[in-house]
Amino acid sequence: MISLLKNDAAAVHQSLHEQISWAEKLAAWVLGLLWILPLLFAFWAAFHPAEYTTSFDFFAPLTLEHFVSAWEQAPFAAYMFNTLGITTLILACQLVLCTLAGYALARVPFRGQGIVMALVMMQLMVMPEVLIVENYRTLAELNLIDTWTGVGLPYMASAFGIFLMRQTFAMVPQALDDAARVEGCNRLQVLWRVYVPQAKPVYLAYGLVSISYHWNNFLWPLVVTNTEASRPLTVGMAIFGAPESGVDWPVICAGTLIAVSPLLAAFLIFQKQFVQSFMRAGIK
Amino acid sequence: MNKTQQLHAWLLLLPALVMLAAFTHIPAVQTLLHSFYDNPRGGNPASFVGMENFQYLYEDEVFWQVLWNNAWYAIVTVPVSIVLALVMALWVNARLPGRGIVRLAYFTPTVLPMIAVANIWLFFYTPEIGLFNNVLNMFGFDGQNWLGDPDFALPSLMVMTIWKEAGFFMIFYLAALQGLDNSLYEAAAIENASRWQVFRRITWPLLMPTTLFILINALINAFKLVDHLFILTKGGPNNASNLLLYYIYENAFSFFDSAYAATLTSVMLIILALLAWVQFGILDKRVHYR
């Protein structure tokens with residue numbers, strides 16, 4: 001099915017766009033407006049003085065004071081550094097582990113392939129989030145609580161990634177593999193020179209999905225981090241926004257925008273790739 | 001299948017399998033085992049207690065309420081997000097002015113962290129100054145204490161979940177729609193079929209595999225996505241909006257009752273195993289798209 005998306009079929013789907021009534025067009029727009037309302041509101045509240053938070057005056061003055069106080073009240077720079085570090089660490093390990101395993105499952109026949117595949121697929125159902133109790137115990141035994149590695153470890157072998165790479169590698173023509181073999185490449189060289197370059201768009205797709213998942217992940221990082229040394233943005237946001245901390249709404253909105261801005265900016269710039277990545281990743 | 005090849009395969013798989021075993025398979029088995037033990041206390045190791053934890057679970061009213069909440073949560077959010085996702089996909093796949101912008105708007109919640117946007121939703125739901133009550137007052141209705149009222153807390157969570165999920169599922173429908181064969185639609189046009197007939201007889205059946213794929217994912221998400229509870233309700237008031245995974249978290253990390261948390265996780269594993277069985281055992285056999 002991935003091949004269907006590869007040729008992007010601009011010509012094919014052009015003619016499929018059907019005509020809809022003006023009422024439906026209006027409904028589509030209203031729904032779209034509703035869907036970005038929370039984000040629009042956050043922008044409104046964050047950039048205007050507190051007295052305008054609930055009264056929408058077109059001529060309300062603009063201000064950056066909420067961003068200044070949000071930045072002063074929480075160590076956003078440290079949180080962002082942790083999120084960046086954790087996300088990069090996870091993605092790097094995922095790419096290596098999933099490439100190796102996906103290649104073995106696609107192109108190196110061995111006894112027990114079916115069982116291994118079933119064991120891998122189990123993780124699609126039983127995600128690390130569900131096993132927080134036992135995984136916390138393991139991480140404590142390994143002395144990895146409150147470290148980037150601790151946040152990352154349970155996610156490094158991703159069933160989804162292994163499955164995606166297997167599907168992709170299985171579609172690389174066997175002739176290319178054979179040709180490289182004739183020229184004297186060993187197995188890892190074939191993987192590196194033939195398979196990996198062919199899978200570039202899939203790596204991009206997987207990378208974007210993985211980054212947005214782990215940038216936004218909350219429950220496991222909450223459990224396994226204790227201090228600013230490893231706490232990512234999401235956990236920081238939860239503490240920052242807690243009613244006990246007594247921060248007011250516009251400041252929370254400003255903080256929220258600080259937290260989501262890198263990913264949101266990346267999303268707006270690469271929106272086509274993002275949408276296509278999620279489409280590609282969802283089709284098996 | 002020579003020996004070197006077998007060895008190569010296992011060496012390539014080794015790193016991934018070690019990690020999967022360490023953080024998925026072994027902990028899953030450990031969870032089941034620990035649900036038959038009590039908590040280690042004052043230097044004494046945990047001792048085998050048989051079905052005691054499950055007896056406690058059976059008599060725990062909060063557990064039944066949480067399970068019931070989670071079932072309701074799934075029954076409402078899953079179909080509503082799927083229908084909305086399909087409508088969104090049909091709209092942004094049709095001739096719509098500003099299609100790119102609308103698609104972007106639908107998809108935006110997917111890339112925003114649940115925990116951060118929950119802060120904004122918390123403001124929407126606030127009784128005194130919140131947006132929802134302001135809008136209600138504008139039309140002459142009384143506002144509600146959305147998150148503080150046991151009748152409204154869970155539905156309030158559902159609304160936010162649907163907002164978060166629909167745009168995500170839309171993408172899968174959109175991908176499927178763009179891959180559909182044109183010739184069937186041309187034939188339908190020649191036959192002068194109405195739009196509803198085209199949808200009912202062509203689009204919907206062809207989208208069936210996508211719908212089932214989304215359905216399973218939506219069901220899993222209904223059990224594993226609890227981030228917004230931490231901000232909006234913390235499971236309250238009085239467990240009215242508590243969900244299974246949040247209850248597990250509470251038991252493990254707030255009440256420090258890891259034996260009971262393991263027992264609850266076992267229930268979660270059974271639910272997920274049932275879902276897996278439905279997907280791979282029944283649905284995948286009956287619906288094949290190639």
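Throughout, a chain's letter reflects where its sequence line sits, starting with A, and its residues are numbered from 1. The shown structure was predicted, so the numbers you read here are calculated from the model rather than taken from an experiment.
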Of the backbone (N, CA, C, O) and the side chain (C-beta and beyond), which part of [X] lies under 4.5 Å from a heavy atom of chain A, both, or neither?
X: B:A22; result: backbone
X: B:I171; result: both
X: B:Y106; result: both
X: B:T31; result: both
X: B:Y173; result: neither
X: B:P109; result: side chain
X: B:L12; result: both
X: B:V18; result: neither
X: B:L20; result: both
X: B:L7; result: neither
X: B:L17; result: side chain
X: B:I120; result: side chain

Heavy-atom pairs under 4.5 Å with chain A, option from [options] with the top count:
options: B:L112, B:V117, B:I248, B:V226; result: B:L112
options: B:V87, B:L96, B:V111; result: B:V111
options: B:L244, B:L272, B:L11, B:D227; result: B:D227
options: B:H25, B:H8, B:M88; result: B:H25

Please classify the contact of [X] with chain B as side chain, backbone, both or neither, using a heavy-atom distance under 4.5 Å.
X: A:L139; answer: side chain
X: A:A27; answer: both
X: A:L153; answer: both
X: A:F267; answer: side chain
X: A:L257; answer: neither
X: A:Y155; answer: neither
X: A:V120; answer: both

Would you please say whether a donor-acceptor pair under 3.5 Å links the side chains of [X] and [Y]?
X: A:Y103; Y: A:R166; value: no
X: B:S258; Y: B:N39; value: yes
X: A:Y195; Y: A:T99; value: no

Mind ranking [options] by heavy-atom pairs under 4.5 Å with chain B and telling me who comes out on top?
options: A:I211, A:L263, A:L131, A:L222; result: A:L131
options: A:T138, A:L264, A:L39, A:V223; result: A:V223
options: A:V260, A:N135, A:L188; result: A:N135

Review point. Should the heavy atoms of other residues, nucleotides or ligands under 6.0 Å from CG of B:L14 be counted, would the total exceed 12?
Key: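 Yes, CG of B:L14 has more than 12 neighbouring heavy atoms, counting only those of other groups under 6.0 Å.
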
Review point. Got more than 12 heavy atoms from elsewhere within 6.0 Å of CD1, A:I115?
Key: no

Exercise for review: Could you please spell out the steps behind the salt bridge (charged side-chain N to carboxylate O under 4.0 Å, His left out) verdict for A:E24 and B:R195?
Suggested key: CA-CA 13 Å; A:E24 271 187 81; B:R195 249 187 91 204; 2.7 Å; yes

